[in-house]
2 protein chains.
Amino acid sequence: MKRQTWQRAAVREALSARGGFVSAQDLHTALKANGSPIGLATVYRALADLAVDGDADSLQSSDGENLYRACVSAGHHHHLICRSCGRTVEIEADPIEQWAAEVAAANGFRDPRHVVDVFGTCSSC
Amino acid sequence: MKRQTWQRAAVREALSARGGFVSAQDLHTALKANGSPIGLATVYRALADLAVDGDADSLQSSDGENLYRACVSAGHHHHLICRSCGRTVEIEADPIEQWAAEVAAANGFRDPRHVVDVFGTCSSC
DNA sequence: AACTAAGTGAGAACGATTGTCAAAATCGCC
DNA sequence: GGCGATTTTGACAATCGTTCTCACTTAGTT
């Protein structure tokens with residue numbers, strides 16, 4: 001069974017308070033800075049759980065870190081990310097979903113899944 | 001100046017011999033297995049150089065490794081990757097290029113770049 | 001052949017993540 | 001409210017991929 005602990009709540013809250021993508025380490029540092037005695041391993045575990053449950057989504061930064069973000073729209077979606085300030089916009093990509101499925105089928109691939117993220121510099125940067 | 005060494009040649013060759021995506025570690029192991037006394041650090045450096053020069057492209061696997069592949073078509077393209085055997089198909093994605101540019105512009109993002117990769121299970125797996 | 005700057009390699013260092021395991025906290029039940 | 005079984009936690013060690021260090025070698029030039 002899955003238990004409810006203040007640590008998980010804290011991670012969940014800190015994550016949505018941030019808005020953008022954060023690394024597990026950063027989140028841990030932020031929590032500690034706010035006086036929480038939470039452990040690093042716990043943050044990792046909580047984030048992994050959130051990602052599995054669909055309450056957060058994750059992506060890898062270009063330097064190999066796992067970044068997490070509180071998921072606003074629960075469904076499948078993609079991101080437009082500012083490479084300078086990290087601001088993130090969730091985007092719908094219906095044409096891409098279809099295209100991915102078609103391309104996969106055309107090459108005999110089953111059970112297609114895809115990674116689609118767009119990076120750019122936002123208007124305020 | 002950039003010098004030509006047998007090590008770089010070996011990496012380049014081993015990479016295209018493989019066909020699909022390989023991790024730096026695997027490539028190093030393969031080279032050693034073939035009797036080459038090449039060092040691991042050198043393989044990393046050579047791969048990074050190849051990627052910068054556009055002779056190879058790289059992506060991150062789901063478990064955080066950097067994978068490299070000899071680039072057949074020099075231009076911009078994407079990949080369809082079998083999650084089971086690693087077989088890779090290079091795919092054109094003209095509609096996506098356009099879509100990415102549009103979405104970026106619509107949200108005030110400049111200089112858009114994107115990551116598009118499709119994973120699936122190929123017909124022979 | 002000699003010179004010089006770039007490249008190499010063994011191993012140390014590093015940073016992110018995961019595993020370990022005893023102690024602490026939660027939930028279901030009385 | 002108290003109890004017990006079981007999950008979760010947290011400090012720290014371990015792991016894994018990658019990068020750094022630095023003395024040594026080598027390509028390319030003169």
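Heavy atoms only: backbone and side chains are in, while hydrogens, waters and symmetry mates are out.
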Note to self: Between P on dT26(D) and CE on Met1(B), what's the gap in Å once rounded to a whole number?
What the structure shows: 18 Å
Margin query: So if I take every side-chain heavy atom of Asn66(B) and compare against dC27(C), dT18(D), dT9(D), which nucleotide ends up nearest?
Written below: dT18(D)
Next item on the list: Nearest whole angstrom, please: distance from the P of dC12(D) to the NE2 of His28(A).
Entry: 12 Å
Margin query: Any non-hydrogen side-chain atom of Val22(B) less than 4.5 Å from a side-chain atom of Arg69(B)?
Written below: no
Next item on the list: Check whether any side-chain N or O of Thr42(B) sits under 3.5 Å from a backbone N or O of Ile38(B) as a donor-acceptor pair, and report yes or no.
Entry: no
Item checked: Separation of atom CG in Leu27(A) from atom P in dA16(C), rounded to whole Å -> 14 Å
Check: Does Leu47(A) reach the side chain of Leu15(A), with side-chain heavy atoms less than 4.5 Å apart?
Finding: yes
Notebook entry, point to check: Is the shortest heavy-atom distance from the side chain of Arg18(B) to the side chain of Tyr68(B) under 4.5 Å?
Noted result: no
Check: Separation of Ile38(A) atom CD1 from dA24(C) atom P, in whole Å?
Finding: 18 Å
Item checked: Residue Lys2(A), side-chain atoms from C-beta onward, closest of dA27(D), dG10(D), dT8(D) -> dT8(D)
Note to self: I want to verify a distance call: between dG9(C), dG17(D), dA10(C), whose nearest atom is closest to the Lys32(B) side chain?
What the structure shows: dA10(C)
Notebook entry, point to check: Can you tell me how far C1' of dT7(D) sits from CD of Gln4(A), to the nearest Å?
Noted result: 14 Å
Note to self: With a cut-off of less than 4.0 Å, is there a side-chain N or O of Tyr44(A) near OP1 or OP2 of dT17(C)?
What the structure shows: yes
Next item on the list: Starting from the 5' end of DNA chain D, give me the residue, Leu67(B) or Leu40(A), whose nearest nucleotide shows up first.
Entry: Leu40(A)
Note to self: If you only use heavy atoms from C-beta on, which nucleotide in dG17(D), dT9(D), dG28(D) is closest to the side chain of Gln7(A)?
What the structure shows: dT9(D)
Item checked: Check: dT6(D) base within 3.5 Å donor-acceptor of Arg3(A) side chain -> yes
Next item on the list: Check whether any side-chain N or O of Thr5(B) sits under 4.0 Å from OP1 or OP2 of dG7(C), and answer yes or no.
Entry: no
Next item on the list: Check every atom of dG10(D), dT17(C), dG28(D) against the side chain of Gln25(A) and return the nucleotide holding the closest atom.
Entry: dT17(C)
Check: How many Å lie between CD on Glu65(A) and P on dT18(C), as a whole number?
Finding: 13 Å
Check: Between atom CH2 in Trp6(B) and atom C1' in dG28(D), what is the gap in whole Å?
Finding: 18 Å
Margin query: What is the separation between atom CG on Leu47(B) and atom C1' on dT8(C), rounded to the nearest whole Å?
Written below: 15 Å
Check: Which nucleotide in the set dG9(C), dT18(D), dC12(D) lies at the smallest distance from any side-chain heavy atom of Ala41(A)?
Finding: dC12(D)
Next item on the list: Check whether any side-chain heavy atom of Ser23(A) lies under 4.5 Å from a side-chain heavy atom of Leu67(A), and answer yes or no.
Entry: yes
Notebook entry, point to check: Which part of the nucleic acid does Arg45(B) contact within heavy-atom distance under 4.0 Å: base, sugar-phosphate only, or nothing?
Noted result: base
